[in-house]
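The first residue in the sequence is number 1, and the count goes up from there.
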Amino acid sequence: MAFTLQVRMKKLGKQKSQDLQPVPFELAQKPETVRELLTSLTALGVRDYNERKDEGQVLRFLTREEIADQAARGKISLGMRGGEDAMEEKAVENTLQCFEDGIFRVFAGEDELTALEETIPWTDDMVFTFIRLTMLSGW
């Protein structure tokens, strides 16, 4: 049975309110721990990337607002680094290591999730927020 959750992603620094709008992600099942959440979201991202690549849709179009925002930061990019398949196992390993190293933080509603084996405190209409804490982490 599929399970949909809402996720916001934020980088430190200036951002417009539109950057904070939740995005729905459909997972195979409801994650119970932070490790399951991160693993499921990463695997979904890898599968989505590989499917788009196979369909010839790796490159996405930028809106005028995205171009202007990226130009203000000094670099306009589609985010593509190559056309090879992403490796799910390596991507999950990298995600978990980045979480443990503090490169990004995860919040369930207002509560910060700090350990991989921590149980997610589910509530109705919960929105997860991911905050990137370093400019070198790549998203």
> Do you know which two heavy atoms are closest between Pro121 and Met126, and how far apart they sit?
Replying inline: O-CE, 2.8 Å
>> Could you tell me if the side chain of Arg47 sits less than 4.5 Å from the side chain of Glu88, heavy atoms only?
In response: yes
> Can you tell if the side chain of Leu41 reaches within under 4.5 Å of the side chain of Leu27, non-hydrogen atoms only?
Replying inline: yes
> Would you say the side-chain atoms of Trp122 pair up with the backbone N or O of Pro31, donor to acceptor, closer than 3.5 Å?
Replying inline: yes
> Are Val46 and Phe130 in one and the same hydrophobic cluster, where Ile, Leu, Val, Met, Phe, Trp and Tyr link if side-chain heavy atoms are under 4.5 Å apart?
Replying inline: no
>> With clusters defined by side-chain heavy atoms of hydrophobic residues (ILVMFWY) lying less than 4.5 Å apart, directly or transitively, does Leu44 cluster with Met87?
In response: no
>> Is the ring pair Phe104/Phe99 parallel, tilted or perpendicular, if the boundaries are 30 and 60 degrees?
In response: tilted
> Does any non-hydrogen side-chain atom of Val7 lie less than 4.5 Å from one of Met9?
Replying inline: yes
> What do the steps show when you test Glu36 against Ile120 for side chain to side chain contact (heavy atoms under 4.5 Å, CB included), and what is the final call?
Replying inline: CA-CA 10 Å; Glu36 290 175 12; Ile120 297 171; over 6 Å; no
Show me the donor-acceptor pairs within less than 3.5 Å that the side chains of residues 109-117 make with the rest of the protein, sequence neighbours left out.
{"residue": "Glu112", "atom": "OE2", "partner": "Arg105", "partner atom": "NE", "Å": "3.4"}
{"residue": "Glu117", "atom": "OE2", "partner": "Arg35", "partner atom": "NE", "Å": "2.5"}
{"residue": "Glu117", "atom": "OE2", "partner": "Arg35", "partner atom": "NH2", "Å": "2.8"}

> Roughly how far, to the nearest 0.5 Å, is CD of Gln6 from CZ of Phe128?
Replying inline: 10.5 Å
> Would a hydrophobic clustering, with Ile, Leu, Val, Met, Phe, Trp and Tyr connected at side-chain separations under 4.5 Å, put Val106 with Val127?
Replying inline: no
> Is a donor on one side and an acceptor on the other found under 3.5 Å between the side chain of Glu93 and the backbone of Glu89?
Replying inline: no
> Would a 4.5 Å heavy-atom cut-off, applied to side chains only, mark Leu96 and Val92 as touching?
Replying inline: yes
> Gln97 and side chain to side chain donor-acceptor pair (under 3.5 Å): which partner among Thr95, Asn94, Asp101?
Replying inline: Asp101
> Which residues satisfy the salt bridge (Lys or Arg N to Asp or Glu O under 4.0 Å) test with Glu118, sequence neighbours excluded?
Replying inline: none
> Could you go step by step and tell me if Ile131 and Thr129 meet the side chain to side chain contact (heavy atoms under 4.5 Å, CB included) rule?
Replying inline: CA-CA 6 Å; Ile131 301 176; Thr129 303; 3.9 Å; yes
> So do the side chains of Tyr49 and Asp85 get within less than 4.5 Å of each other, counting heavy atoms only?
Replying inline: no
